[in-house]
Each structure stands twice: as C-alpha cells, then as structure tokens.
J.: 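Shown below is the structure under consideration.
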Amino acid sequence: MLVHLPSVLDHATLARLREALATAGWTDGRETVGAQGAQVKRNLQLPDASPLREALGRDVLAALARHPLYHAAALPLRVLPPRFNRYQGGGEYGFHVDGAVMALEDGRQLRSDLACTLFLSAPHEYDGGELVVSDTYGEHAVKLAAGDAVLYPAGSLHRVTAVTRGARLAAFFWIQSLVRDETRRRTLLELDTAIQRLVAGDADTTAVLQLTGVYHNLLRAWSET
Ligand SMILES: O=C(O)CCC(=O)C(=O)O
Ligand SMILES: [Fe+2]
C-alpha cells in the first residue's frame, strides 16, 4: 500500500530546511548501505553524525506528529531519525529492498515495516528522480510536490530513477508500525477513514460509537509493542 501524505511541511519550514541543506556538507550515500546496495546507489547524503541532520530530522518528525493521516496510515511505534539525500548529475538508486532490522541510537532495534520519503524539491526543479515502487499490481512512479511525503512498504522492491537535470532533495526514514501486517494496517486505515467520514456527516452517533469500539478493539488485538 502506498499512501500519499499531502502538505507535511508548511511553506516556512520547507524554506528553512532547503536553505539549511543548500550549504550542507554532503557525503557519498554508499556509506549507509551494505555491499549490494552500494552497487546500485549513486547519491549524496548528510552524514549520520552531522548535527544538521539531527536538527532537521527533528523538524521533520515534529511536522509528521501533527499529520493525522501519517498516524492513521503508519500507526508508528518506533521511527529511525530521518536522513537527507540529494540526487543530481545522473545520480540514482537502483532496485533494492531496505534492510529489515535497523539499530536505533539508544541501542534498541527497529523492524522496518514502512519507508517514508518526504520530497523537498518541487517536481519542476528536476528531471527524473521518480521513486518507483514495485508491488503485485506493477510499478508505481511517485514524484510529489515539495513538502509532501509517501509511505510505502520497506520490503517492496523500489528504486529512484536518474536525475538528469537539477537536483532532487528528500528526507527519508523507516518506521516500525504497531501493526506489522500490511493487510491489517490497511483495514484499520479504511475503517478509520470511514469513521471520520461518518463523524463529519450526519451519522447515527450510536452506530459511530460502535464502529469506533470495533476500530480500537481491532487495534488492541493486532498491535504489538
Ligand atoms: O530517495 C528516496 O526516495 C528513497 C531512498 C531509498 O530508497 C533508500 O535510501 O533506501
Ligand atoms: Fe530504499
């Protein structure tokens, strides 16, 4: 399931992040992947130890914390601090699957259920740079407005096509969800969305209450902490 999260960043925050990244010190993106990833990865990243990455990563997480669809779709339990990447001059990232288990800074581990890319460049600023996610329905090319994000399964084959003009800036990170199974996560999102629609309309409040109970009881049954 791919979920589009519109307007994660407001204009002011987006402008501030872009200004900070314009003068940042970038390093080879191959530093954060294994041998297989290194064969297909051609991009730049902010180094993990960079204080700028930490500060901007906090801004990204704070913006996501205010986004209702992010919570409804991801049901986040743990999140890896965001990284920032830059593709330019033919830079690309070939088909790969993200590592299943990642180390958090506090020594705990994170199972990467979901990956998230937050676009920081507008589509007209670069050619190429589509995030292509392959699933049982085929390949989906994603290129979003600056400030928008997409959630996709970290276990899906995905790639970023070569950026042949301009530069593509993005933040990316991984999420361990309270609900590991994608079908269950999708069911909860659909139920949640339907309930929100009923609440916004003129629905029978007793029925809405009952459905809300069903939602929470399914979440209780399916969530792992
Ligand atoms: O740049 C992107 O949109 C995705 C990057 C990616 O797939 C990765 O770093 O594993
Ligand atoms: Fe990836």
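Both ligands and their constituent atoms are indexed starting at 1 by order of listing.
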J.: Centres of the Y152 and H158 rings: under 6.0 Å?
T.: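 Yes, close enough.
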J.: Could you enumerate the protein N, O or S atoms under 2.8 Å from the Fe ion (ligand 2), written like residue then atom name?
T.: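 Counting only protein N, O or S atoms under 2.8 Å from the Fe ion (ligand 2), the list reads H96 NE2, D98 OD1, H158 NE2.
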J.: V40 and V163: same hydrophobic cluster, using ILVMFWY side-chain contacts below 4.5 Å?
T.: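 Same hydrophobic cluster.
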J.: Is any side-chain heavy atom of L2 less than 4.5 Å from a side-chain heavy atom of L151?
T.: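 No - every pair of side-chain heavy atoms lies 4.5 Å or more apart.
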J.: Can you confirm whether L5 sits close enough to V8 that some side-chain heavy atom of one is under 4.5 Å from a side-chain heavy atom of the other?
T.: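 L5 reaches V8 side chain to side chain.
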J.: Going through the checks in order, is the side chain to side chain donor-acceptor pair (under 3.5 Å) test met by W222 and D181?
T.: CA-CA 9 Å; W222 290 343; D181 181 70; over 6 Å; no
J.: N or O contacts of ligand 1 with protein under 3.5 Å, please list pair by pair.
T.:
residue, atom, partner, partner atom, Å
ligand 1, 1 (O), N85, ND2, 2.9
ligand 1, 1 (O), Y87, OH, 2.9
ligand 1, 1 (O), R168, NH1, 3.0
ligand 1, 3 (O), T117, OG1, 2.9
ligand 1, 3 (O), R168, NH1, 3.4
ligand 1, 3 (O), R168, NH2, 2.9
ligand 1, 7 (O), H96, NE2, 3.1
ligand 1, 7 (O), H158, NE2, 3.1
ligand 1, 10 (O), H96, NE2, 3.1
ligand 1, 10 (O), D98, OD1, 3.0

J.: Any salt bridge between R16 and D59, counting N to O under 4.0 Å?
T.: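 A salt bridge is present here (some side-chain N lies under 4.0 Å from a carboxylate O).
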J.: Look at the rings of H96 and Y93 and say which category their plane angle falls in: under 30° parallel, 30 to 60° tilted, over 60° perpendicular.
T.: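 Ring orientation, 0 to 90° scale: parallel.
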J.: Looking at G99, is its backbone amide N or carbonyl O close enough to the side chain of S112 to form a donor-acceptor pair, meaning the two atoms are under 3.5 Å apart?
T.: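 Yes, because the side chain of S112 sits within donor-acceptor range (under 3.5 Å) of the backbone of G99.
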J.: One thing to verify: whether R53 and E105 come together as a salt bridge, which I'm taking to mean a side-chain N less than 4.0 angstrom from a carboxylate O.
T.: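 R53 and E105: salt-bridged.
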